[in-house]
Amino acid sequence: MSQDQDAAGAMSFIFEAGVLKRAARTGWWFAGVKQPESIAEHSFRTALIGMMLATMEGADSARVSMLCVLHDTQETRITDIPHIAKRYLAAAPNTAVTADQVGGCPPAVADVINAAVAEYEAGETLEAVVARDADKLECLVQAVEYRHQGVADVQRWIDSSRAALKTASAHRLADAALTGAPMAWLSPPPA
């Protein structure tokens, strides 16, 4: 493969990933959120939470952040399928979708992305466990924010996200999210 083909293949995936900036997290529509956050917005904060959780849990924070950034990239092709819809649909495995997405990338790039998605999907390494916790914790935090904005029907997202958490650090952060106020950071600290 020529360098021009490699660059074109990599750019194709970059353009495709840009769709995530416009694609909504559709499950929130069931809670009454008219304009939910995008998949890219969710992935950004998931990566930030993942980096923090990794540091708290003694995992590789760079690896966790990468897993978090890539965990929903497949949704450019299969969309954000709401949890209830998954009962009725059979989607291709995320690893297969990713392999298709990065097929034109330089082989080294494709290998890194494919390996990261496979690791996340297998959920066996500490980094994958922390990345999955970051994903669930971000959903819980988003539900708390929506509740503070007046969306009443978010408790099921809070409960299911919290029940899925594995690490002690994620449970501590969930407790803090549930007892905190999303806009408290705007108040100056006491003198």
Side-chain angles (χ1 to χ4, degrees), residues 8-51 64-105 109-123 127-147 149 151-166 170:
M11 189 48 59
S12 178
F13 181 64
I14 291 167
F15 281 135
E16 182 174 342
V19 170
L20 299 173
K21 294 180 355 178
R22 298 183 300 277
R25 300 256 300 157
T26 58
W28 293 116
W29 290 334
F30 294 104
V33 178
K34 290 181 174 58
Q35 293 183 316
E37 81 278 11
S38 72
I39 296 164
E41 290 167 322
H42 161 71
S43 294
F44 167 76
R45 188 159 58 180
T46 299
L48 181 64
I49 292 168
M51 179 269 305
V64 170
S65 293
M66 180 171 63
L67 298 181
C68 291
V69 165
L70 295 169
H71 86 284
D72 278 342
T73 55
Q74 306 78 20
E75 292 181 8
T76 61
R77 297 192 180 195
I78 60 172
T79 73
D80 178 36
I81 302 169
H83 183 71
I84 194 162
K86 291 180 181 183
R87 291 185 204 170
Y88 309 102
L89 302 173
N94 282 343
T95 52
V97 176
T98 299
D100 286 347
Q101 288 177 307
V102 299
C105 287
V109 171
D111 290 348
V112 165
I113 293 171
N114 282 320
V117 170
E119 179 180 351
Y120 180 85
E121 292 300 321
E127 286 71 21
V129 170
V130 170
R132 286 172 172 271
D133 270 7
D135 178 39
K136 297 303 181 187
L137 187 56
E138 199 288 326
C139 187
L140 182 146
V141 168
Q142 187 63 64
V144 168
E145 289 175 334
Y146 284 146
R147 183 172 62 195
Q149 294 169 9
V151 179
D153 193 18
V154 297
Q155 192 61 45
R156 69 188 60 191
W157 281 268
I158 291 170
D159 294 342
S160 65
S161 296
R162 190 167 194 183
L165 298 176
K166 305 282 187 225

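Between Ile81 and Leu89, some side-chain heavy-atom pair lies under the 4.5 Å cut-off. Considering only heavy atoms from C-beta on, Tyr120 stays 4.5 Å or farther from Leu70 through its side chain. Put simply, the side chain of Arg147 reaches to within 4.5 Å of the side chain of Gln155, judged on heavy atoms. Residues Thr98 and Ile113 meet the side-chain proximity criterion, which asks for heavy atoms closer than 4.5 Å. Trp29 places none of its side-chain heavy atoms less than 4.5 Å from the side chain of Pro82.
The nearest pair of heavy atoms linking Val154 to Val151 is CG1-CG1, 3.7 Å. Here the closest heavy-atom approach between residue Pro36 and residue Tyr146 is recorded as CA-OH, 3.2 Å. Cys68 approaches Ala47 most closely through the heavy-atom pair CB-CA, 3.5 Å. Closest non-hydrogen pair, Asp80 versus Gly27, comes out as OD2-N, 3.9 Å. When all heavy atoms of Cys105 and Gly9 are compared, the pair lying nearest together is SG-O, 3.7 Å.
With sequence neighbours left out, the salt bridge (Lys or Arg N to Asp or Glu O under 4.0 Å) criterion links Glu119 to Arg63. Not counting sequence neighbours, Asp153 has no partner by the side chain to side chain donor-acceptor pair (under 3.5 Å) test. A search for side chain to side chain donor-acceptor pair (under 3.5 Å) contacts involving Asn94 returns Glu121, not counting sequence neighbours. Taking Asp111 as the reference, nothing meets the salt bridge (Lys or Arg N to Asp or Glu O under 4.0 Å) condition, with sequence neighbours excluded. Among residues two or more places apart in sequence or in another chain, the ring-ring contact (aromatic ring centres under 6.0 Å, His included) test is passed with Phe44 by none. With sequence neighbours left out, Ser38 forms a side chain to side chain contact (heavy atoms under 4.5 Å, CB included) with Ala40, Glu41. Under the rule for a side chain to side chain contact (heavy atoms under 4.5 Å, CB included), the partners of Ala164 that lie at least two apart in sequence or sit in another chain are Lys136. Under the rule for a salt bridge (Lys or Arg N to Asp or Glu O under 4.0 Å), Glu127 has no partner lying at least two apart in sequence or in another chain. For Arg156, the side chain to side chain donor-acceptor pair (under 3.5 Å) criterion is met by no residue, not counting sequence neighbours.
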Show your working on side-chain contact (heavy atoms from CB on, under 4.5 Å) between Val97 and Ile78 and close with a plain yes or no.
-> CA-CA 8 Å; Val97 176; Ile78 60 172; 4.2 Å; yes
Test log, rule side-chain contact (heavy atoms from CB on, under 4.5 Å), inputs Asp72 and Leu20 | CA-CA 9 Å; Asp72 278 342; Leu20 299 173; 5.7 Å; no
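Contacts classified as salt bridge (charged side-chain N to carboxylate O under 4.0 Å, His left out) and involving residues 30-40 (residues at least two apart or in different chains) are given here: Arg25-Glu37. Sequence neighbours left out, not one pair with a member in residues 87-100 passes salt bridge (charged side-chain N to carboxylate O under 4.0 Å, His left out).
Atom CD of Glu16 sits about 4.5 Å away from atom CD of Gln101, to the nearest 0.5 Å.
Between the side chain of Ser43 and the backbone N or O of Ile39 there is at least one donor-acceptor pair closer than 3.5 Å. Of the possible polar contacts, none joining the Thr46 side chain to the Asp135 backbone as a donor-acceptor pair under 3.5 Å is found.
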Can you give each donor-acceptor pair under 3.5 Å made by side-chain atoms of residues 137-144, sequence neighbours left out, with the distance rounded to 0.1 Å?
from, atom 1, to, atom 2, distance (Å)
Glu138, OE1, His42, ND1, 2.5
Glu138, OE2, Arg45, NE, 3.0
Glu138, OE2, Arg45, NH2, 3.0
Gln142, OE1, Arg45, NH2, 3.2

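More than 12 heavy atoms of other shown residues, nucleotides or ligands fall within 6.0 angstrom of atom CD in Gln149.
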